Amino acid sequence: MFAPRSNERAGPGGEDTSRFPSSYYAATSGPPIDAPALDGDGVSDFCVIGGGFAGLGAALALARMGRTVRLVEMGPIGWGASGRNGGQVHVGWHQEQPWLEQKLGLETARQMWRAALEARDHLDTLIALDPDACDYRQGLVHADHRAGNVTATHAHVAMMRDRYGYDSLTLVSRDEMRATIASDDYHGGSFDARGGHLHPLKLAQAMARAAQAAGAMLHVQTRCTALRQSADGWHVTTPHGTIRAGQVLDATGAYARALVPQGDARVLPINNYIATTAPLDPARAAGLIRNGAAVSDGRYVVYYFRMTPDHRLLFGGGESYGLGMPHDIAATVRPHMLRIFPQLADVAISHAWGGTLAISPNRLPFVIEPRPGLFALNGFSGVGVVLAPWLGRAIGQAMAGAVNSGYDLLRRLPSPRFPGGPWLRWPTQALAMQFMALRDRM
């Protein structure tokens with residue numbers, strides 16, 4: 001029996017799960033999804049734990065296949081990382097293709113690239129579910145904060161165009177970068193026309209509505225407190241009742257501590273922070289990022305930023321490795337933002353929030369089946385906007401018996417554990433990441 005210890009209304013870092021954090025996304029996404037908490041016992045073919053992109057992708061796929069599926073989420077739909085992230089549409093995996101070729105072989109690397117493109121196409125179908133198209137806007141700039149990195153970036157662009165035929169990726173020179181981003185911090189980089197940015201909470205809610213329309217039963221404010229296997233399947237225990245299901249998917253990311261210990265040992269939760277400014281004059285906003293694209297830079301602790309439809313700068317910067325969040329998140333993010341845009345010193349912060357993402361040792365997502373009928377999908381390592389919905393769909397289809405390339409590929413990827421197990425992984429990994437963050441500032 002798997003049984004985490006937690007207060008019903010508090011998340012892993014002590015956050016209130018009864019409502020969204022005070023984010024820009026929560027303020028601009030409309031009312032939460034109308035889904036009741038579980039009330040009494042239930043039975044279904046499948047149970048999905050976690051109402052983020054991966055869990056919703058699985059529930060939507062299962063419901064469209066005519067299977068009975070229930071999804072439980074400890075907060076509102078999209079309460080965790082899926083509804084709080086930077087909204088950046090990144091084509092590919094956290095590791096670049098040369099790394100994948102070296103570690104996994106050329107054929108597997110090519111299969112992973114084809115999968116990444118399929119996942120990107122799948123995202124377009126999900127964006128179309130939302131009346132606002134999830135505020136999607138095209139274009140993702142990679143910006144090098146060190147002049148010495150530009151040559152490697154331009155070589156990467158040439159390799160992706162020549163070896164993989166990816167013509168959407170183009171070079172950005174120093175002059176072009178300075179003409180695009182009103183900052184002296186960057187020296188060149190690249191532009192991906194298939195990348196972009198969107199409103200992640202609108203995406204999660206659009207997926208949830210589609211899953212409900214297909215027949216999935218979603219239960220918010222319903223924390224899974226224990227998993228138990230018996231002769232008749234799996235028992236998903238919550239404070240409001242128990243769901244008996246033939247198969248279970250744990251898609252809780254960094255938020256489920258101790259629910260599936262074998263998954264916990266393969267991820268490290270990291271807190272990341274985002275703020276939005278007060279609305280800017282449209283001309284001033286357009287002058288900061290002149291092509292309207294999202295920007296992600298080359299730091300180990302990445303700075304990522306973009307303009308919202310109402311002309312706010314949304315800026316992500318800073319992270320921590322403990323369970324708690326800073327008391328003043330705006331004060332945490334603001335120095336990072338002013339490092340890139342010192343001209344915004346006179347602008348107020350309107351929203352500031354944090355979220356917790358799960359990174360894996362090799363920064364690749366993984367699926368494990370620690371016991372028959374119990375699956376865990378995790379480790380998106382910051383690139384889940386594109387990959388998580390598609391891989392959730394792939395896992396859902398596979399659980400229902402359908403053969404698909406996404407699940408087969410994911411099962412072949414290595415899924416190492418962090419040294420030291422679920423608890424001793426923290427000190428050494430946090431120290432290593434703090435050292436890399438220090439290098440960013442040198």
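Note that the structure is a prediction, hence the values are computed from the model and not measured. Residues take their numbers from the sequence shown, with the count starting at 1.
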Between Trp79 and Tyr255, does the ring centroid distance fall short of 6.0 Å? yes
### Task
Decide whether His351 and Thr276 meet the rule of one side-chain donor and one side-chain acceptor closer than 3.5 Å.
yes
Checklist line | Test of ring centre spacing under 6.0 Å for His336 and Phe315 | finding: no
| said: Between Arg290 and Glu176, does any side-chain N to carboxylate O distance fall below 4.0 Å? | reply: no
Do Gln262 and Arg417 have side chains that approach each other closer than 4.5 Å (heavy atoms only, starting at C-beta)? yes
Value for CG (Asn378) from OG1 (Thr252), rounded to nearest 0.5 Å, stands at 6.5 Å
| So Arg163 and Glu96, salt bridge (charged side-chain N to carboxylate O under 4.0 Å, His left out) or not? Walk me through it. | CA-CA 13 Å; Arg163 190 181 305 172; Glu96 294 182 344; over 6 Å; no
### Query
Is any NZ, NE, NH1 or NH2 atom of the basic residue among Asp184 and Arg174 found under 4.0 Å from an Asp or Glu carboxylate oxygen of the other?
no
Assess the residue pair Ser183 and Asp185 against the criterion (side-chain hydrogen bond (donor to acceptor under 3.5 Å, both in side chains)); give the C-alpha distance rounded to whole Å, side-chain angles, the decisive distance to 0.1 Å, and a yes or no. CA-CA 5 Å; Ser183 174; Asp185 202 65; 5.4 Å; no
Rounded to the nearest 0.5 angstrom, the OG-NE2 distance for Ser29 and His199 is 5.0 Å
Value for CZ (Phe53) from OG (Ser82), rounded to nearest 0.5 Å, stands at 4.5 Å
Query - Any donor-acceptor pair under 3.5 Å from Arg161 side chain to Asp167 backbone - result: yes
Taking the side chain as every heavy atom from C-beta outward, state whether Ile127 and Leu198 have any atom pair closer than 4.5 Å.
-> yes
One should read off an interatomic distance between Arg412 CZ and Thr108 OG1, to the nearest 0.5 angstrom, of 5.0 Å
Review point. Are the ring centres of Tyr166 and Trp113 closer than 6.0 Å?
Key: yes
Check: Side-chain contact, heavy-atom cut-off 4.5 Å: Val72 with Leu218?
Finding: no
Please check if atom CG in Asp34 has more than 12 non-hydrogen atoms from other residues, nucleotides or ligands closer than 6.0 Å. no
Output for pair (Glu73 CD, Leu56 CG), nearest 0.5 Å, gives 8.5 Å
| Less than 4.5 Å apart, any side-chain heavy atom of Pro200 and any of Tyr25? | yes
Can we say Arg146 and Asp144 salt-bridge, meaning some charged N sits less than 4.0 Å from an Asp/Glu carboxylate O? no
| Are Ile340 and Leu313 side-chain neighbours, meaning at least one heavy-atom pair lies under 4.5 Å? | no
Would you call Glu107 and Arg114 a salt bridge, taking side-chain N to carboxylate O under 4.0 Å as the test?
-> yes
- Task: Show the numbers, then the answer: is there a salt bridge (charged side-chain N to carboxylate O under 4.0 Å, His left out) between Asp124 and Arg120?
- Result: CA-CA 7 Å; Asp124 282 337; Arg120 179 62 188 84; 2.8 Å; yes
Test item: Val248 and Leu227 side chains (from C-beta on) under 4.5 Å apart, heavy atoms
yes
Q. Under 3.5 Å, is there a donor-acceptor pair linking the side chains of Asn291 and Thr180?
A. no
| message | Can you confirm if the NZ or CZ of Arg110 lies within 45° of the ring axis of Tyr164 and under 6.0 Å from the centre of its six-membered ring? | response | yes
Short side-chain donor-acceptor distance under 3.5 Å, Ser350 and Arg312: yes
Separation between CG (Asn85) and CZ (Phe380), nearest 0.5 Å, reads 12.0 Å
Between Arg299 and Asp297, is the closest basic N to carboxylate O distance under 4.0 Å? yes
